[in-house]
Amino acid sequence: MDVSSILDSLNDAQRQAVTAEHKPLLVLAGAGSGKTRVLVHRIAWLVQVEGLNLHNIIAVTFTNKAAAEMRGRVEEMLEVPAAPLWIGTFHGLAHRLLRRHWQEADLMQSFQIMDADDQKRMVKRVLREMDLDENQWPPREVCWYINNKKEEGIRPKHIVAGEDELEAIRVRIYQAYEDACARTGLIDFAEMLLRAHELWLNNPHLLAHYQRRFQHVLVDEFQDTNTIQYAWLRLLIGKTGTPFVVGDDDQSIYRWRGAKVEHLQRLATHFPELQTVRLEQNYRSTGNILKAANAVIDNNTGRLGKELWTDGHDGDLIQIFSAYNEREEAEFVVTRIRQWQNDGNERKESAILYRSNAQSRVFEEMLIQGGIPYRVYGGLRFFERAEIKDALAYLRLCANQNDDAAFERVVNTPTRGIGARSVTMVREYAQANSCSLWHAAAACVADELNFPRRAAKALHVFLVLINEMSKAVEKLDLGEQVEHVVFSSGLIEHFKKEKGEKAEARLENLDELISAASGFDVDEVVNAMQSDDYEDPELQLDPEEVSPLVAFLAHAALEAGEGQADAWEDCVQLMTLHSAKGLEFPLVFMCGLEDGLFPHQRSINDSAGLEEERRLCYVGMTRAKEHLYISHAERRRLYGQDNYAQASRFLSEIPTQLVHHIRPQVSVSRPVMPTLRRAALVREPAPEGLSLGQAVMHKKFGPGVVMNYEGQGSHARVQVNFQDVGAKWLVLAYANLQVI
DNA sequence: CTCCGCGTGGTTTTT
DNA sequence: CCACGCGGAG
């Protein structure tokens, strides 16, 4: 076997990982150190050198994008279709298992996936049924509670509320929500993972089968696994599987959504034979960028330890720009981008990164003003758009008429005279008879006595519509099905009436939905759901096939699609630091590096939160290949208020010899704080000697900046943003502040 | 049913 | 400041 094609392009550490013996392996892969390459080459090694079958390998990622890229690169390298290789997101793989074993998983065959929006609606419905006040039980928080429990593998029956009455109610809501989901054949994202875990726990023969099959378990971005994902992996690996885990504790930025970096440390306990390989050579950034990033992340405690290096040149210094306000910051960035493109570079090679979405606004305004095309990442994605979800809801009703969520969504969309009153009655009937809304509606229509004739008629029209729709659609192929539903639902008419640019876009989206369905590769997905385990007679797979419609609906929920379109256009890239993870750009601007914004105020007070912010900073810095600009504003308008902030503490963690400070030119008109003056005049006079933006020193809290004040004389209070402890309100008379 | 006005809350995101 | 959701009026 000629191994050179697999190994030649690798460095020593990469090669060590790729060729490792069959023992648990942890690859600590720094940013830009070629981790995807290692995963892909590892698979090629197992297949081409060790003679394993792709069929015996499973690879897990967090995003569809990563999964698709990996599959593509494996196919490219092996020059064969990688269909027998199971590769996908945790959710995608869990979904595949649940479709195959829906009976063992105690699901209905046509079960559908709810996204976060569907889930919230479902929770609202449950709250209404339980007569609980939405203000007291915000659906957002209820969802959060339920998802958290599921991510920890906890069912309602496991929770002992004890004396805690509020907790007891939460558990009751959780239980009612589960009942509603079961009744309507819907599962949320967290449920997929938990269900897949329970599937194996409750069906040892299935677990044994998959353990036998998947001798090699590859995991990408392992630092992002939550409790249930790790538990699922451990089950699969069992005593015989070999985990090949790639991750980076320094790039763990999803603690807030349940990710546990600790899993990286625990790996060594759970797998005593674990070997660790560090990938520290970086192929992305210049030396100075790496030195700066290393220096920042070095302030974190409990790291597994890793230091990026490059054999390339040092490159530019890190350029730090102190702006007067957010407008000046944006002006500066736009000027530099214009320079960049005038120097013959592409706009899409530049990225503006920020901590929170609200910051994009000023940049967008400035870019529009400057006539520079840009693209903002994030926001609603294709399958999350209202009109698309409406159309999908009709399709869902065709596939499963007990889908109450879909029923509620479209029963009066477009409006057809079924008001809140009627829906409430249907809901009450459904609850009283514990049946689906669909059955309840049919019963209400039949029961002329208690239901207003007018409403009954309208409801009847809807029932007939759906009935005819599902009948008409039966023998059509997928594209025609979607087309039929989009038109006969009345959605097209509905949006045609609406007029305006927005409605125009909605119509286009519905058109695109039809094309998406027509071009949907039914075979690929349906086949994946079906058996590729022919040689295992013990594995009983349901012979019935998954309908293309059900497969398409699952695809829509699982892969919400791209955000704004036109990635190919030459645009400046705007995104949050979180969305930038995994990407790289020759020219990077990290903006708004101010204490309180980044690190965010809500993370500033606990060390775990602060360390995660620091990792986010590290992630941002290591996105830059050649030029890294970091900017902050002395003053920033946020929520309609002017705020004064100090430069982010992370800035001072960059060694000064790596930094070039850019000061705004004096000639740039710097207004003499007109708004500040007005504010000071209109408001009560500032306490003596203090003004907004004034730097002060406190005995205990250290240096800070005056952000706000109120009250007079001995009652006067000031809000000071302290460098070390964040913003605090202090009674001026006691604070003993020193002006500095 | 639709429209308007008020009130409120406002890191980070994938599946 | 602004975007969203809810409740009342037409």
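So you know, we letter chains A, B, ... as the sequences are listed, proteins then strands, and number each from 1.
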Practice task
Classify the glycosidic conformation of B:dT11 as syn or anti, calling it syn when the angle lies within 90° of 0.
Solution key: syn

Practice task
Look at the side-chain N and O atoms of A:S579 and state whether any lies under 4.0 Å from the OP1 or OP2 oxygen of B:dT13.
Solution key: yes

Problem - Aromatic ring of A:H600 stacked on base six-ring of B:dT11, 5.5 Å, 30° - result: yes

Completion exercise
Comparing nearest nucleotides in DNA chain B, the 5'-proximal residue of the pair A:F90, A:S356 is A:S356

Fill in the blank from the handout: Of A:H494, A:R506, A:R409, A:R385, the one forming a side-chain hydrogen bond (donor to acceptor under 3.5 Å, both in side chains) with A:D390 is A:R409

Handout entry: Side-chain N,O (A:N357) to OP1/OP2 (B:dT11) below 4.0 Å
Key = no

Practice task
Ignoring backbone atoms, test whether A:K124 places a side-chain nitrogen or oxygen under 4.0 Å from the OP1 or OP2 oxygen of C:dC6.
Solution key: yes

Exercise for the section: Identify whether any heavy atom of A:E613 sits under 4.0 Å from a base atom; if not, whether one sits that close to sugar-phosphate; answer base, sugar-phosphate or nothing. Expected result: base

Problem - Separation of the C1' atoms in B:dT13 and C:dC2, to the nearest angstrom - result: 22 Å

Handout entry: Distance in angstrom units between A:K120 NZ and B:dT13 C1', rounded
Key = 15 Å

Problem - Euclidean distance, atom CD of residue A:E221 to atom P of B:dT13 [Å, nearest integer] - result: 16 Å

Practice task
Give the rounded distance in Å between these two atoms: NZ of A:K150 and C1' of B:dT15.
Solution key: 13 Å

Exercise for the section: Give a yes or no on whether the ring-centroid distance for A:F407 and A:F462 is below 6.0 angstrom. Expected result: yes

Exercise for the section: Determine whether the side chains of A:Q573 and A:Y377 contain a donor N or O and an acceptor N or O closer than 3.5 Å. Expected result: yes

Handout entry: Presence of A:S603 side-chain N/O under 4.0 Å of B:dT11 phosphate oxygens OP1/OP2
Key = no

Practice task
Figure out the CG/P separation between A:L638 and B:dG10, and round it to whole Å.
Solution key: 13 Å

Practice task
Would you classify A:F62 as touching base, sugar-phosphate or nothing, given that sugar-phosphate means primed atoms plus P, OP1 and OP2, and contacts are heavy atoms under 4.0 Å?
Solution key: sugar-phosphate

Problem - Main-chain N/O of A:N325 paired with A:R635 side-chain donor or acceptor, under 3.5 Å - result: no

Practice task
Please state whether the phosphate of B:dT15, meaning OP1 or OP2, lies under 4.0 angstrom from any side-chain nitrogen or oxygen of A:R381.
Solution key: yes

Practice task
Give A:D188 one of three labels, base, sugar-phosphate or nothing, depending on what nucleic acid heavy atoms sit under 4.0 Å from its own.
Solution key: nothing

Problem - Upstream residue (5' side of DNA chain B) when A:A560 and A:A358 are each assigned their closest nucleotide - result: A:A358

Exercise for the section: Could you state the atom-to-atom distance from CD of A:E134 to C1' of C:dG5 in whole Å? Expected result: 10 Å

Handout entry: Heavy atoms from other residues, nucleotides or ligands near NE2 of A:H600 exceed 12 (cutoff 6.0 Å)
Key = yes

Practice task
Please answer whether the main-chain N or O of A:S356 pairs with a side-chain N or O of A:T576 as donor and acceptor at a distance below 3.5 Å.
Solution key: no

Exercise for the section: Check every strand shown and say whether A:N64 touches a base, only sugar-phosphate, or nothing at a heavy-atom separation below 4.0 Å. Expected result: sugar-phosphate

Handout entry: Residue-phosphate contact under 4.0 Å: A:T576 side-chain N/O, B:dT13 OP1/OP2
Key = yes

Completion exercise
Here the distance between atom C1' of B:dC1 and atom NE2 of A:H494, to the nearest Å, is 12 Å

Exercise for the section: Taking only the side-chain nitrogens and oxygens of A:R361, find out if one of them lies under 4.0 Å from OP1 or OP2 of C:dC2. Expected result: yes

Practice task
Measure from the ring center of A:H578 to the ring center of A:Y254 and say whether it is less than 6.0 Å.
Solution key: yes

Fill in the blank from the handout: Closest of B:dT14, B:dT15, B:dT11 to the A:R257 side chain is B:dT14

Practice task
Indicate, with a heavy-atom threshold strictly under 4.0 Å, whether A:N412 touches base, sugar-phosphate, or nothing.
Solution key: sugar-phosphate

Exercise for the section: Give a yes/no answer on whether the side chain of A:Y377 brings an N or O atom under 4.0 Å of OP1 or OP2 in B:dT14. Expected result: no

Problem - Under 5.5 Å and under 30°: A:W256 stacked on B:dT12 - result: yes

Problem - Given B:dT13, B:dT12, B:dT14, the nucleotide with the shortest approach to the side chain of A:Y254 - result: B:dT13

Problem - A:Q359 CD - B:dG10 P separation (whole Å) - result: 17 Å

Exercise for the section: Please state how far atom CG in A:D224 lies from atom C1' in B:dT15, giving the value in whole angstrom units. Expected result: 13 Å

